Amino acid sequence: MRTIESALAVIRSQGRYLLYHDDGWDCWMLPNMTVDEYSGDADGCLRSLTIDYEMPPWAFDVTGALQVESHKPNPQHDGAVRHYIYTLGFYDLTDTDYQYGCVHNHYLVDIEDWEYECDFYRVSHWGFELGEHICTWWTLDEMLADRRMRQVNADIIGTIELMERGLLTPPPMG
């Protein structure tokens with residue numbers, strides 16, 4: 001069985017998690033990068049993700065704080081079961097992390113404004129571009145309610161749920 005190692009950035013702001021849409025998996029996912037001979041180690045991948053997702057400078061020093069192992073089918077390989085090793089870096093963003101209040105470029109979320117926009121345009125989630133990524137912010141409950149996300153990422157969502165429910169001690173967030 002092939003092992004795939006990845007680094008995942010768990011980016012949280014005001015109780016919501018930053019997700020991007022992965023076309024290959026046809027699913028919303030946490031920002032991630034495969035660890036291989038080209039990308040370096042997991043901590044190097046987490047540093048690359050901080051640049052890709054325009055994180056504040058302090059985030060560059062966050063290292064992998066938790067490893068999660070899982071076995072699941074990979075749709076990119078005709079459903080063959082793969083062994084996944086995830087190294088998670090945790091980032092808790094506040095409104096003081098950026099000097100500008102633009103959600104599209106700087107991750108700051110004004111939840112009331114966000115909800116108004118969703119209601120006005122009759123969409124369930126407001127998406128925005130961040131570099132080459134289409135992103136959104138979801139709560140844990142929204143992730144749990146999404147059938148496709150549960151199907152693809154139940155292992156990671158389950159880990160986040162255990163931390164939020166106080167059943168797994170969360171590592172310190174950057």
Side-chain angles (χ1 to χ4, degrees), residues 6-23 25 27-33 42-68 86-146 148-150 152-174:
S6 298
L8 278 69
V10 181
I11 304 166
R12 185 175 65 186
S13 179
Q14 299 180 35
R16 293 178 181 260
Y17 294 88
L18 182 76
L19 304 173
Y20 82 98
H21 192 268
D22 186 294
D23 293 332
W25 286 84
C27 181
W28 291 99
M29 302 181 105
L30 294 169
N32 64 80
M33 178 179 272
D43 288 339
C45 289
L46 289 171
R47 282 190 284 284
S48 292
L49 289 168
T50 65
I51 294 166
D52 261 8
Y53 287 86
E54 301 176 16
M55 300 278 285
W58 61 260
F60 194 75
D61 296 324
V62 170
T63 58
L66 180 68
Q67 272 199 341
V68 176
Y86 301 110
T87 300
L88 281 62
F90 294 87
Y91 310 85
D92 211 2
L93 302 184
T94 67
D95 60 0
T96 60
D97 285 322
Y98 293 99
Q99 62 185 6
Y100 306 107
C102 176
V103 70
H104 300 291
N105 296 322
H106 299 285
Y107 289 139
L108 301 181
V109 179
D110 179 335
I111 298 300
E112 289 179 11
D113 197 37
W114 185 283
E115 290 172 347
Y116 170 79
E117 294 288 335
C118 288
D119 288 344
F120 181 80
Y121 290 104
R122 294 189 176 116
V123 295
S124 60
H125 293 93
W126 195 253
F128 57 95
E129 289 184 28
L130 185 58
E132 298 177 7
H133 309 286
I134 302 299
C135 297
T136 192
W137 292 95
W138 281 12
T139 63
L140 173 62
D141 288 340
E142 289 170 315
M143 288 189 271
L144 290 167
D146 187 81
R148 179 66 179 155
M149 191 163 189
R150 279 192 330 271
V152 171
N153 290 312
D155 47 0
I156 300 302
I157 296 170
T159 300
I160 293 170
E161 180 180 28
L162 287 172
M163 287 188 291
E164 280 205 8
R165 308 279 190 249
L167 300 173
L168 176 66
T169 303
M173 291 232 177

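We count residues from 1, following the sequence as given. These numbers come from a predicted model, not from an experiment.
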- Task: For the pair Glu142 and Met149, evaluate side chain to side chain contact (heavy atoms under 4.5 Å, CB included) and give the outcome as yes or no after the intermediate values.
- Result: CA-CA 10 Å; Glu142 289 170 315; Met149 191 163 189; over 6 Å; no

- Query: Please, which pairs that meet side-chain hydrogen bond (donor to acceptor under 3.5 Å, both in side chains) have at least one residue in residues 153-163, sequence neighbours excluded?
  - Reply: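 Non-adjacent pairs meeting side-chain hydrogen bond (donor to acceptor under 3.5 Å, both in side chains): Ser70-Asp155, Lys72-Asp155.
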
With rounding to the nearest 0.5 angstrom, report the [atom1] to [atom2] distance, [X] to [Y].
| X | Y | atom1 | atom2 | value |
| --- | --- | --- | --- | --- |
| Trp138 | Leu18 | CH2 | CG | 12.0 Å |
| Met163 | Leu168 | CE | CG | 6.0 Å |
| Leu49 | Met33 | CG | CE | 5.0 Å |
| Tyr17 | Arg12 | OH | CZ | 4.5 Å |
| Met143 | Leu30 | CE | CG | 6.5 Å |
| Tyr86 | Ile156 | OH | CD1 | 5.5 Å |

- Item | Residues that Asp141 engages under salt bridge (charged side-chain N to carboxylate O under 4.0 Å, His left out), provided they are two or more places apart |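 So Asp141 forms a salt bridge (charged side-chain N to carboxylate O under 4.0 Å, His left out) with Arg165.
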
Which atom of [X] lies closest to which atom of [Y], heavy atoms considered:
| X | Y | answer |
| --- | --- | --- |
| Phe90 | Leu66 | CE1-CB, 3.9 Å |
| Cys27 | Val152 | SG-CB, 3.9 Å |
| Ala7 | Ala42 | CB-O, 3.7 Å |

- Item | By side-chain hydrogen bond (donor to acceptor under 3.5 Å, both in side chains) - contacts of Arg150 (at least two apart) |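 Once residues adjacent in sequence are excluded, Arg150 has no partner under the side-chain hydrogen bond (donor to acceptor under 3.5 Å, both in side chains) criterion.
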
- Residues which pass ring pair (Phe, Tyr, Trp, His ring centres under 6.0 Å) with His133, listed by chain and number, not counting sequence neighbours: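 Result, ring pair (Phe, Tyr, Trp, His ring centres under 6.0 Å) vs His133: Tyr20, Tyr53.
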
